[in-house]
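Below, read A as the first sequence line, B as the second, and so on, with proteins coming before strands; counting in each chain starts at 1. Values reported hereafter were calculated over all heavy atoms of this structure, with side chains retained and with hydrogens, waters and symmetry mates removed.
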Number of protein chains: 4
Amino acid sequence: MFSYFRSMRTRDEQKVENIYNAAITLVNRDGFESASMSKIAKAANVSPATIYIYFDNKKDLLVKTYLKVKKEIASNVLTGIDVNQSVEKAFRSIWFNYYNSITAKTDYFNFAEQFANSPIINSVNNKEIDAYYELLISLFARGQQEGIIKNVHREILFTYGFFPMFTLLKMSKIEKFDLSDKNIDDAFQAAWDAIRA
Amino acid sequence: MFSYFRSMRTRDEQKVENIYNAAITLVNRDGFESASMSKIAKAANVSPATIYIYFDNKKDLLVKTYLKVKKEIASNVLTGIDVNQSVEKAFRSIWFNYYNSITAKTDYFNFAEQFANSPIINSVNNKEIDAYYELLISLFARGQQEGIIKNVHREILFTYGFFPMFTLLKMSKIEKFDLSDKNIDDAFQAAWDAIRA
Amino acid sequence: MFSYFRSMRTRDEQKVENIYNAAITLVNRDGFESASMSKIAKAANVSPATIYIYFDNKKDLLVKTYLKVKKEIASNVLTGIDVNQSVEKAFRSIWFNYYNSITAKTDYFNFAEQFANSPIINSVNNKEIDAYYELLISLFARGQQEGIIKNVHREILFTYGFFPMFTLLKMSKIEKFDLSDKNIDDAFQAAWDAIRA
Amino acid sequence: MFSYFRSMRTRDEQKVENIYNAAITLVNRDGFESASMSKIAKAANVSPATIYIYFDNKKDLLVKTYLKVKKEIASNVLTGIDVNQSVEKAFRSIWFNYYNSITAKTDYFNFAEQFANSPIINSVNNKEIDAYYELLISLFARGQQEGIIKNVHREILFTYGFFPMFTLLKMSKIEKFDLSDKNIDDAFQAAWDAIRA
DNA sequence: TATGAATGAGTTTTCATTCAT
DNA sequence: GATGAATGAAAACTCATTCAT
């Protein structure tokens, strides 16, 4: 309070960032629970005790890391989208934005996938993240009004429109699939065919 | 107890089965590492030491559980499929078989998803599982020859043809989606539209 | 269950006894919380993990140690008392039994005193211990009926009849008081004067 | 804050007082070591570092708190005693002063009891506190010369004269004893009977 | 084969204390 | 003097695994 009247060590945001990055790296490498607080601390170049200044406990650290990762991806995906262009064009822009975002940040993507498939996911309030996708929701709604997008449950559109991209990314990691331009274009076409009226 | 009345063989297999089921249940509930060997042992009504008679170590237990789960699902999916019917009809049969299999065994499905998204997956040789899907591979190949299925990378066909079903199942768990007949039919149609020529 | 039909390592009562003794010794030396589980384990010549086989947690260990100590003292105090002798003689026997018990086991006594004056005491159900003192209660009641003992609240009788003995024992530890025969006789006389009618 | 309106000296002493009170409250509630310096600091509304300006370390804080508590009680007990009245009347005055002091400040009393029964007590020089009780010592000495008080070791007089009061206070906390006027009068009578010639 | 006991190495977390301002 | 950040060391407790029977 009124910190300008007092002198003290100040909160070091770089340290927090280092902790986030260390958590992501180690969770991706060792798995969710083998990534111990000590290892994360060491990788972030801080004392284990320091993590507890910024996070309540391990779960809190992981949840906050997940939210950060999801927000950052969402923000990358939706930045610079022209909402007034045709639904098909907008979908294409977003789809490739998405694809580029997750291939640019595969560590973020891997962390989020591991997290979302583990039991911790149940302790996250998804509302906060959903807010980021309002733009997408309204785009699909417009497409349905215009008779361009299938008149089906919204989740089917999301699921066929975007998530197979994640699967293909994982397939490429185990060398079952290569992310050539042709393959990516084919994947986009399949997505579009799945959701268009 | 009552060991007089049972053959050695029978008793063993029941124990192994109990261990598998305990592992699946606890991993689903607590996550990979919170599901400790002692807890699994207790849930399976055996001593921790007994697990080590049947499995080399914890990793071995988890990997074998994963393989068992995957095989069981695959076998359910592909049983009773008439290979000679039209590609579209066969795809439809397999798709609904798949859907019915994973909804009937959601605990198997959840375990497999968590496993496949964690770093342990890297220590599994997928060849063994892939063998189960030879039938699907040749079905898609025939569809492509007949000009009915898109001429794209095989993984795109799998990814759009089947995996979104998993996502929708997860969505239904968090009550974002309901598995009504209409929704499932819509999902199937989206899958077919995505892969058909 | 039916352990004679099974073979396994059996519960080692000597180990439990060692743990109790180590806990008493270290708590007396270092205080309640500086007596760490690791130190207790080391002093008892077992692994820290072994303590957790026999006790739920540190609090459980301390509470059980306290109960053991109290029971052992109570049993020593009341053994061999002839209930039919005069109230004064019985009180004298018990008083000196008590005195001899706690001077013979000063470590038990010190542990109990420290415990009873710390907040943990609130988590102990005293009923169990009180049961041991039924004999004393009925002795005092008889004394009151016979007009030999003051007709005052039972706790006053206990408090003046026995507890000053503890204080004097503590005083002797810091060399403010010596436990000479005369002093002990004087102390007994003061106790008796305090409670007799 | 508001530092303009207060002298340095005043602000300091208030802080120290807050620290003392926080220490007493937390030690009574959580025990000696669970009352951590950080928690005490928070309860006292200061930084942990601030405590170290006034106290060398945790032990120093606890010892100084104990001495403060003991002095304050002693001073309350002995204030306003007329030394020239009869020994019996003076004893009665002091006894009830004592009783009123500790029932008015049960948190001080509890802290002192916990402290005095833990091993830290060994690092306190009791001489300083004893000085406060010179008046009592000389009163008992006069009583012995006058043949009114038993000719026994001084500690027996203290122990039976005053300390049972503490035990009864503790008993009342666990609802084994109620501090009714009659009970307190009975307790006083027992004390007097124990020490009078 | 099967067991419950046992454990060293590890976990998360908190502590008393110091640092930098 | 006063602060919140920072930390090495240690706490309680758990784990995967082995032992002894």
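Listed for the B:K15 side chain is no donor-acceptor partner under 3.5 Å among the backbone atoms of B:V46. In this structure a side-chain-to-backbone donor-acceptor pair under 3.5 Å is present from A:S123 to A:I120. Proximity of a side-chain donor or acceptor of A:Q114 to a complementary backbone N or O of A:V27 within less than 3.5 Å is detected. A distance-only check finds a donor-acceptor pair linking the side chain of A:Y54 to the backbone of A:D12 [under 3.5 Å]. At distances below 3.5 Å, not a single donor-acceptor pair connects side-chain atoms of B:N110 with backbone N or O atoms of B:N28.
Look at CZ on C:R11: it is 9 Å from P on E:dA6, rounded to the nearest Å. One interatomic measurement links the two molecules: CD1 of C:I51 to P of F:dA12, which rounds to 9 Å at whole-angstrom precision.
Interface residues of residues 36-48 of chain A facing DNA chain E, ordered by number: A:S36, A:M37, A:S38, A:K39; criterion, heavy-atom separation under 4.0 Å. For DNA chain E, the neighbouring residues in residues 52-66 of chain C, judged by any heavy atom under 4.0 Å, are C:I53, C:Y54.
Within the structure, every pair that satisfies the salt bridge (Lys or Arg N to Asp or Glu O under 4.0 Å) test and touches residues 16-34 of chain B, not counting sequence neighbours, is listed here: B:E17-B:K68.
Counting only heavy atoms from C-beta on, C:A49 has its side chain closest to F:dT14 among F:dT14, F:dT7, F:dA2.
Not counting sequence neighbours, the partners of B:N18 by the side chain to side chain contact (heavy atoms under 4.5 Å, CB included) test are B:Q14, B:A44.
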Handout entry: Dot-bracket summary - DNA chain E, pairs being Watson-Crick or G-U whose distances fall under 3.5 Å, with | when paired to another strand
Key = .||||||||||||||||||||

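Rounded to the nearest 0.5 angstrom, D:F32 CZ and D:S118 OG are separated by 4.5 Å.
Ring centroids of D:F55 and D:Y20 are separated by less than 6.0 Å, placing the two rings close together.
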Atom pairs and distances, side-chain donor-acceptor, residues 59-67 of chain D, under 3.5 Å, sequence neighbours left out:
residue : atom : partner : partner atom : Å
D:D60   : OD1  : D:K64   : NZ           : 3.4
D:D60   : OD2  : D:D56   : N            : 2.9
D:D60   : OD2  : D:K64   : NZ           : 3.0
D:T65   : OG1  : D:L61   : O            : 2.6

